[in-house]
Amino acid sequence: MRVLVVDIGGTHVKLMHSGGPESRKFDSGDGFTPQQVVAGVKANTRDWQYDVITIGVPSPVLRGRVMAEPWNLGTGWVGFDWAAALGAPVKVLNDAAMQALGSDDGSRMLFLGLGSGLGTALVDDGRVIALELAHFPYLGQTLEDILGQRGLIALGEDKWREAVIAGAKLLRAACAAEYVVLGGGNVRLFKDLPEGFRRGHNDRAFEGGFRAWNSPDVAEPSGSPLKSLASFAPREHLRALFEKDPGRAERFFLKVGGDLYVDYSKNLITADSMTALFELARKTGVESLRDQMFSGAPINNPEHRAVLHVALRNRSTRPIYANGRDVMPDVRAALDHIRTCAESVRSGRWLGYSGLRITDVVNLGIGGSDLGPAMVTDAMAPYTQDGPRTHFVSNVDGAHLADTLRSLHPATTLFTVASKTFTTQETMANARSAREWFLTRARDESAIARHFVAISTNAAEVQAFGIAPDNMFVFWDWVGGRYSLWSSIGLPIAIAAGYGHFEQILDGAHEMDEHFRTAPLEQNAPIVLGLLGVWYASVLGAESHAVLPYEHHLWRLPAYLQQLEMESNGKRVDRDGHAVAVQTSPIIWGEPGTNGQHAFFQLLHQGTRLVSTDFLVGIETHDRLGDHHRLLVAHCIAQTEALMRGKTEAEVRAELAEKGLSPDAIDQLAPHKVFPGNRPSTTIMYRTLGPRTIGKLLALYEHRVFTMGAIWNINSFDQWGVELGKQFAGAVASDLGAAGPTTGHDASTNRLIDLAKTR
Ligand code: F6P
């Protein structure tokens with residue numbers, strides 16, 4: 001985050017940005033107004049890049065609001081909307097507090113700004129607390145009268161210096177500060193400072209302004225109601241919260257229909273935290289944006305598109321409009337096309353060029369045209385035993401396609417070329433190579449029609465590739481790639497598991513959509529999960545979220561959710577193009593539960609990072625193998641308990657003593673075996689992982705992502721961030737093919753290209 005600091009004084013406004021050492025200033029003075037500050041800032045920082053701004057104002061400031069007109073400037077400061085005027089998120093501090101923050105060397109420090117007035121602040125472990133001590137009675141006058149400019153003039157330098165030190169020592173004792181920093185213009189009048197005093201400097205205000213965006217206590221920028229929520233974080237360990245509140249597990253438990261349960265009671269929340277979070281959902285308009293989505297409004301505003309993946313699984317007779325047109329007839333026609341194809345391939349009616357039935361389907365696609373259908377086809381393993389084998393090729397690394405084709409025969413292979421745009425380089429490269437592989441053996445161009453179908457929104461490109469319109473399975477621009485598995489992109493699922501099962505997936509998702517659309521906030525599972533997501537990412541400072549399926553068939557779920565969540569909410573500007581002032585999408589990661597236990601659970605239990613987690617498990621299994629499922633469920637539930645409870649030092653010591661260890665041995669070993677606990681988890685439990693449940697689960701996560709984006713006021717439905725790398729890849733690819741040394745890039749890139757050319 002790039003920060004601009006604006007330090008407003010009685011005579012000058014000083015500027016510095018985190019992108020360079022240079023500072024600039026312009027005059028202020030009597031009568032100076034905030035509007036003049038804004039004009040001066042804009043005029044003096046045209047060539048500077050910054051995302052957020054810190055403003056130091058010579059006046060009392062409380063929670064980011066100027067509480068009184070500065071005595072040495074003009075009027076209009078109280079209530080002035082800096083963020084709107086400057087077009088960026090702004091944090092406002094008292095100028096002394098800003099200088100104090102910049103002078104802080106840790107522990108507890110009292111700051112006195114000796115300028116025309118007297119600025120006071122306290123910094124405790126990096127938290128700045130603005131003080132207003134200037135008017136405090138002192139030596140029959142006020143502190144400011146004595147320690148400020150007036151005192152200097154009245155007392156003369158020597159007596160004034162004595163009065164300052166005496167006054168400072170008094171205040172230090174009162175604030176229990178470990179040391180005092182004297183700052184402000186008049187500190188220059190001190191040649192030496194006594195023990196426990198340090199010299200500040202006005203320029204430390206810049207440092208303070210930079211630090212303000214990392215300091216927990218500096219008031220939130222106006223318009224972002226998030227970080228101040230931290231005060232609702234539980235002060236007690238989860239263990240104590242469960243002991244004190246026997247109703248906790250019931251209070252934080254949700255059911256969606258008869259077969260999906262969400263236990264979120266092992267999260268770092270209290271009833272007050274949830275009340276504050278539901279209030280946040282109301283304040284940020286989550287429900288109204290949701291309703292706009294279902295009504296077909298173009299909520300993907302930068303692309304002027306509706307967001308209607310819910311229409312793909314609308315099982316009701318309700319029409320859904322996009323640009324004033326009911327899309328449902330098209331949706332149903334596309335589903336019909338999927339059904340016809342799936343049934344024809346599965347029944348053996350769809351024959352290859354040599355009259356053989358299709359035994360293998362190879363989906364060529366990447367991102368949303370791969371992750372969804374690949375993950376769901378795996379999750380549907382118990383239902384795909386009677387269908388053709390499916391293979392998913394996404395990587396442009398030729399090894400992926402070559403490995404796949406090695407065991408296949410063109411006569412019995414059907415390729416589904418899946419690409420929303422039909423221009424994605426990796427997919428088109430794989431499609432061209434697959435066609436070549438096919439034609440080298442089939443030796444008949446017309447056979448393409450029996451072995452290649454396209455799934456796309458781009459009819460022109462599909463035709464140009466040589467796939468007939470009848471073999472094109474359509475979808476629409478109001479379906480985001482990472483939300484497209486419910487569309488024709490799901491064709492491989494329908495072929496593998498049967499159209500009936502595919503429909504059940506849509507049914508499950510529709511049930512979740514109806515729950516999301518109609519349930520009150522407090523009962524609304526996707527909204528609760530979304531609020532918890534924002535809670536950890538933007539308030540409690542968790543960098544990542546782990547998804548841990550205790551279900552082998554969901555092994556690709558974390559990878560699928562990485563795209564869904566991080567491509568949706570990995571954004572730094574809001575819907576209006578302003579830089580966001582809080583952390584947005586967490587990093588999503590994960591592996592199947594028990595595997596993770598023997599890989600990274602060490603970090604989850606005893607690491608230093610806060611990681612929020614989802615544990616997913618089925619009450620029943622398709623594969624009843626001895627005691628396996630009881631063990632699996634046991635591990636899942638036990639891990640959430642262990643993360644929550646931990647093990648205290650006392651418990652560890654008692655355990656080691658019971659094992660007969662010597663006191664020395666216990667002293668040595670005990671610290672390593674302590675588990676802090678108080679580590680959060682949400683458990684999502686379902687009856688069995690069938691098609692309906694798969695649909696419900698994935699729609700649950702889609703709406704979690706939606707809720708988080710709505711609260712952050714970011715657009716979750718575009719992905720401009722993927723373009724730059726692709727653009728550069730074009731240039732590098734042509735350089736790799738060019739003769740001679742490369743010169744068109746930075747030295748590192750040129751060298752890497754030249755190195756890569758030494759093939
Ligand atoms: O580059 C990212 C992305 O655009 C994803 O959003 C999308 O799912 C993927 O590439 C594939 O795009 P397409 O389906 O158009 O080939």
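We count ligands from 1, going down the list as the structure has it; atoms in each ligand are counted the same way. Remember, it's a predicted structure, so these values are computed and weren't measured experimentally.
Both tests hold for R313 against W486: distance to the six-membered ring centre under 6.0 Å, angle to the ring axis within 45°.
The protein atom (non-hydrogen) at minimum distance from atom 8 (O) of ligand 1 is G368 N, 2.8 Å. Of the protein's non-hydrogen atoms, the one nearest atom 9 (C) of ligand 1 is I366 O, 3.7 Å. Scanning all protein heavy atoms for the shortest distance to atom 1 (O) of ligand 1 gives K726 NZ, 2.8 Å.
Here atom 15 (O) of ligand 1 lies nearest to T421 when heavy atoms of T421, I489, D718 are compared. In this comparison of E567, K420, Q719, the heavy atom closest to atom 2 (C) of ligand 1 sits on E567.
Contact analysis puts Q563 in contact with ligand 1, with a non-hydrogen atom separation below 4.0 angstrom.
At under 3.5 Å, a nitrogen or oxygen of T424, whether backbone or side chain, sits near a nitrogen or oxygen of ligand 1. Considering both main-chain and side-chain atoms, G367 never comes within under 3.5 Å of ligand 1 through any nitrogen or oxygen pair.
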>> Between T584 and N569, is the side-chain hydrogen bond (donor to acceptor under 3.5 Å, both in side chains) condition met? List the steps.
In response: CA-CA 7 Å; T584 55; N569 290 339; over 6 Å; no
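Under the ring pair (Phe, Tyr, Trp, His ring centres under 6.0 Å) criterion, the residue pairs touching residues 373-405 are Y383-H501, Y383-H622, with sequence neighbours excluded.
Aromatic rings of Y353 and H451 (six-membered ring for Trp) have centroids within the 6.0 Å cut-off, being under it. Checked against the 6.0 Å centroid criterion, the rings of F438 and F452 qualify as a close aromatic pair.
Remark: E436 CD is loosely packed, at most 12 non-hydrogen atoms of other residues, nucleotides or ligands lying under 6.0 Å away.
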